[in-house]
Amino acid sequence: MRELDGYRAVMRRIADAAEKRKSDGHVQDEENDLQSTRVTDNSSLNACTEENSRINRYAVYDNRQDACATDTSCMTTCVANDSCSNIQCRQMYAHIREAEAEAEKTVRVEATVEGGVTRSMSFSEKTELYVRATGERTGLVYTEKLDADPRETVLQAYENGQLGETAEEMNTSDCRGALGTPCREYSAAELNAFAASLERELTEGCPRADRAEVRASQLISRIGVVNSRGADISGQAGRFDVTVRIPLKDDPMKSYEETVTGQRLEEIRAPYFLAQHREWEQTVLPETAAFEPGTYRTVLGSQAVNFILTTAWQLFSGKRVADGTSPLSGRLGQKVFADGITIRDYKENGYPFVIDAEGTLCRDVPLVENGVFVGCMQNLASAKLFRELGTGGAADRVSTVDWMNQCVSTGNAGRRALLSGNIHTDMTIVPKNFVLEEGDQTLEELIRACGDGIYICESYDQFHSLNVVTGDFHFPCRGVRIRDGRLAECLYGLTMNGNVLTLFADVLALGKGRRIEPMAIYENYLVSGPAMLVRKLEISG
């Protein structure tokens with residue numbers, strides 16, 4: 001990525017300086033050395049020679065050379081001569097052990113059509129830079145200023161590390177260059193034409209609707225990582241999201257709404273939405289007069305399952321499993337769910353992921369195989385935790401799991417896991433395409449097999465209703481009473497209560513066909529699961 005061009009030269013020089021210290025035997029306690037040379041008077045920061053000042057004010061870097069690439073006197077002086085008065089250069093080359101710059105660029109084009117009228121068309125582009133530098137500890141700088149001086153940014157990250165807690169892992173990658181297939185970028189006008197055509201088809205195909213709303217968007221993501229450990233890799237991927245809302249003509253407060261995601265716009269067509277709309281219409285029935293709270297045989301619709309998965313993926317975070325903050329901690333290799341439950345995190349199953357925020361190649365990650373907990377999603381830090389666990393004999397106790405496969409990053413490092421603030425600077429574990437594999441039953445067959453019970457067709461509040469430490473959940477929802485294998489009457493204002501481990505252990509059958517949904521607002525990962533029949537579930541009114 002060209003946004004990282006200026007940082008490549010800086011990373012090379014930090015690596016060269018670190019290698020020189022190592023070869024010269026100058027490896028010391030860098031933090032103590034820094035304290036002995038620190039200048040607290042701002043005026044002394046300007047006490048450099050004219051030559052060093054010129055180097056500090058370099059203007060342009062690219063991937064061929066930087067302003068002082070041919071003049072190594074500054075680096076030589078700062079590394080070898082303790083009397084150098086340029087404290088900034090001393091910190092840059094004598095005290096930074098390693099550094100990294102990551103760029104994340106998002107391009108979004110969108111158009112919305114409702115009732116045959118264009119409501120909006122938009123284009124947005126945003127690039128974020130995350131720069132890390134490690135001395136004794138790791139510090140970070142977040143910026144959207146692409147013209148910022150790379151050396152000053154790296155130096156600021158190092159200074160921020162003085163308040164840090166640990167030295168963070170950085171990647172060494174053998175894979176270099178740009179990965180992923182270039183995406184054809186659609187214009188807002190093209191998306192608007194698609195949305196208008198789809199809206200007409202949906203309106204004509206729904207007798208109980210006189211209009212529809214269609215929002216079509218293209219999301220293109222590019223990510224690049226360059227660091228002083230040799231990583232220099234970038235990847236790009238794109239997808240289309242089409243959201244459809246069809247209100248009932250005689251009751252506009254009730255509407256069918258769904259988002260479909262695909263890698264190609266032509267894959268998203270009206271017949272799918274029309275079929276789902278007909279299925280939704282079957283749940284719009286007269287409301288029952290009374291509901292008795294209790295434990296019911298239950299069919300969970302695909303949307304309700306996805307709302308659980310949107311947060312429940314955190315149970316499979318390697319960090320949580322390692323530090324005991326997941327109900328799956330200590331259960332690797334054990335059967336935790338019912339037969340037939342298989343969960344995987346895919347690098348490409350709705351939205352392609354190429355590399356993660358640490359520069360690790362993404363890969364498919366088996367998590368649950370036929371009910372057995374077989375793996376975790378890992379970043380560099382959590383993989384290190386697993387290596388440390390293995391030294392204590394944990395690997396010997398997990399006979400059905402390839403322990404060494406848990407001790408490397410799976411390409412799941414990211415920054416925006418949940419809706420917790422606007423700027424996400426902490427490296428964390430995030431899913432890619434988090435999938436509960438489908439079964440072979442139609443929804444009608446699941447409802448028929450239920451006999452008497454509840455069909456949960458819609459749930460709400462996916463981010464605040466599940467405790468990822470215990471697995472307990474309380475999801476507000478609406479449902480339909482099932483009587484003798486048939487949908488009877490609607491139930492509103494319900495809450496389904498339970499525990500994720502118990503819920504998936506009680507699954508009797510899985511539906512075929514999965515609803516793929518992006519995470520709300522940030523849309524930085526996808527979840528996908530089928531409908532399922534559950535032996536019992538507590539439902540309150």
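Computed from a predicted structure; not experimentally measured. Values below: every heavy atom of this structure, side chains too, minus hydrogens, waters and symmetry copies.
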I would like to know whether Ile223 and Glu102 meet side-chain contact (heavy atoms from CB on, under 4.5 Å); could you show each step before the answer? CA-CA 7 Å; Ile223 185 171; Glu102 179 211 351; 3.4 Å; yes

Step-by-step side chain to side chain donor-acceptor pair (under 3.5 Å) determination, Arg320 to Ser326: CA-CA 5 Å; Arg320 287 189 174 277; Ser326 166; over 6 Å; no

Step through it carefully: locate the ring centre of Tyr186, locate the ring centre of Phe240, and say whether they are under 6.0 Å apart.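 Between Tyr186 and Phe240, the centre distance is under 6.0 Å.
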
Between the side chain of [X] and the main-chain N/O of [Y], is any donor-acceptor distance below 3.5 Å?
{"X": "Ser317", "Y": "Gln314", "result": "no"}
{"X": "Glu358", "Y": "Met170", "result": "no"}
{"X": "Arg278", "Y": "Phe273", "result": "no"}
{"X": "Thr283", "Y": "Trp280", "result": "yes"}
{"X": "Thr410", "Y": "Met377", "result": "no"}
{"X": "Glu201", "Y": "Leu198", "result": "no"}
{"X": "Thr138", "Y": "Ala133", "result": "no"}
{"X": "Ser197", "Y": "Ala193", "result": "no"}
{"X": "Ser302", "Y": "Gly529", "result": "yes"}
{"X": "Tyr525", "Y": "Thr310", "result": "yes"}

[atom1]-[atom2] distance between [X] and [Y], expressed to the nearest 0.5 angstrom:
{"X": "Leu443", "Y": "Gln276", "atom1": "CG", "atom2": "CD", "answer": "9.0 Å"}
{"X": "Glu169", "Y": "Ser409", "atom1": "CD", "atom2": "OG", "answer": "10.0 Å"}
{"X": "Glu168", "Y": "Thr134", "atom1": "CD", "atom2": "OG1", "answer": "7.0 Å"}
{"X": "Leu140", "Y": "Thr153", "atom1": "CG", "atom2": "OG1", "answer": "11.0 Å"}
{"X": "Ser465", "Y": "His474", "atom1": "OG", "atom2": "NE2", "answer": "9.0 Å"}
{"X": "Glu445", "Y": "Leu533", "atom1": "CD", "atom2": "CG", "answer": "11.5 Å"}

Do we see a donor-acceptor contact under 3.5 Å between the side chains of [X] and [Y]?
{"X": "Ser217", "Y": "Arg108", "result": "yes"}
{"X": "Arg119", "Y": "Thr112", "result": "no"}
{"X": "Tyr256", "Y": "Glu281", "result": "no"}

Please determine whether a side-chain nitrogen of the Lys or Arg among [X] and [Y] lies less than 4.0 Å from a carboxylate oxygen of the Asp or Glu.
{"X": "Glu257", "Y": "Arg245", "answer": "no"}
{"X": "Glu517", "Y": "Arg515", "answer": "yes"}
{"X": "Lys105", "Y": "Glu128", "answer": "no"}
{"X": "Arg184", "Y": "Glu190", "answer": "yes"}
{"X": "Lys432", "Y": "Asp345", "answer": "yes"}
{"X": "Glu267", "Y": "Arg269", "answer": "no"}
{"X": "Arg222", "Y": "Glu185", "answer": "yes"}
{"X": "Lys512", "Y": "Glu438", "answer": "no"}
{"X": "Arg8", "Y": "Asp232", "answer": "yes"}
{"X": "Asp5", "Y": "Arg2", "answer": "no"}
{"X": "Asp241", "Y": "Arg239", "answer": "yes"}

Given Phe434, which of Leu367, Asn349, Leu526 fulfils the side chain to side chain contact (heavy atoms under 4.5 Å, CB included) condition? Leu367

Against Leu510, only a single residue in Gln441, Met532, Glu437 fulfils side chain to side chain contact (heavy atoms under 4.5 Å, CB included); can you say which?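 Of the listed options, the one satisfying the test is Met532.
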
Determine whether [X] and [Y] make a side-chain contact, defined as any pair of heavy atoms from C-beta on separated by less than 4.5 Å.
{"X": "Val368", "Y": "Val372", "result": "no"}
{"X": "Val131", "Y": "Tyr142", "result": "no"}
{"X": "Leu129", "Y": "Tyr7", "result": "yes"}
{"X": "Cys457", "Y": "Gln303", "result": "no"}
{"X": "Val480", "Y": "Ile454", "result": "no"}

So Ile308 and Leu300, side-chain contact (heavy atoms from CB on, under 4.5 Å) or not? Walk me through it. CA-CA 10 Å; Ile308 295 173; Leu300 292 178; 4.3 Å; yes

Heavy-atom closest contact ([X] atom, [Y] atom, distance):
{"X": "Met1", "Y": "Gly224", "answer": "SD-N, 3.1 Å"}
{"X": "Asn412", "Y": "Asp356", "answer": "N-OD2, 3.4 Å"}
{"X": "Val225", "Y": "Gly359", "answer": "CG2-N, 3.6 Å"}
{"X": "Val109", "Y": "Ser187", "answer": "CG1-C, 3.7 Å"}
{"X": "Phe504", "Y": "Phe337", "answer": "CB-CD2, 3.4 Å"}
{"X": "Ala195", "Y": "Ala216", "answer": "CB-CB, 4.4 Å"}

Return the orientation label for the Phe353 and Tyr351 ring planes: parallel under 30°, perpendicular over 60°, tilted otherwise. perpendicular

Aromatic rings Phe316 and Phe373: how do their planes relate, parallel, tilted or perpendicular, breaks at 30° and 60°? perpendicular

Could you walk me through whether Gln156 and Asn160 satisfy the side chain to side chain donor-acceptor pair (under 3.5 Å) test, starting with their C-alpha distance in whole Å, then the side-chain angles of each, then the deciding distance to 0.1 Å, before giving a yes or no? CA-CA 6 Å; Gln156 183 60 60; Asn160 292 346; 2.8 Å; yes

From CA spacing to verdict: side-chain contact (heavy atoms from CB on, under 4.5 Å), Val214, Leu202: CA-CA 9 Å; Val214 177; Leu202 295 177; 4.1 Å; yes

Under the side chain to side chain donor-acceptor pair (under 3.5 Å) rule, what do Asn192 and Thr118 come out as? Steps first, then yes or no, please. CA-CA 7 Å; Asn192 186 72; Thr118 297; 3.0 Å; yes

Before giving the answer on side chain to side chain donor-acceptor pair (under 3.5 Å), spell out for Tyr272 and Glu258 the whole-Å C-alpha distance, their side-chain angles and the decisive distance to 0.1 Å. CA-CA 11 Å; Tyr272 170 82; Glu258 183 168 353; 2.5 Å; yes

Stepwise side-chain contact (heavy atoms from CB on, under 4.5 Å) test for Glu100 and Ser228: CA-CA 6 Å; Glu100 178 179 272; Ser228 61; over 6 Å; no

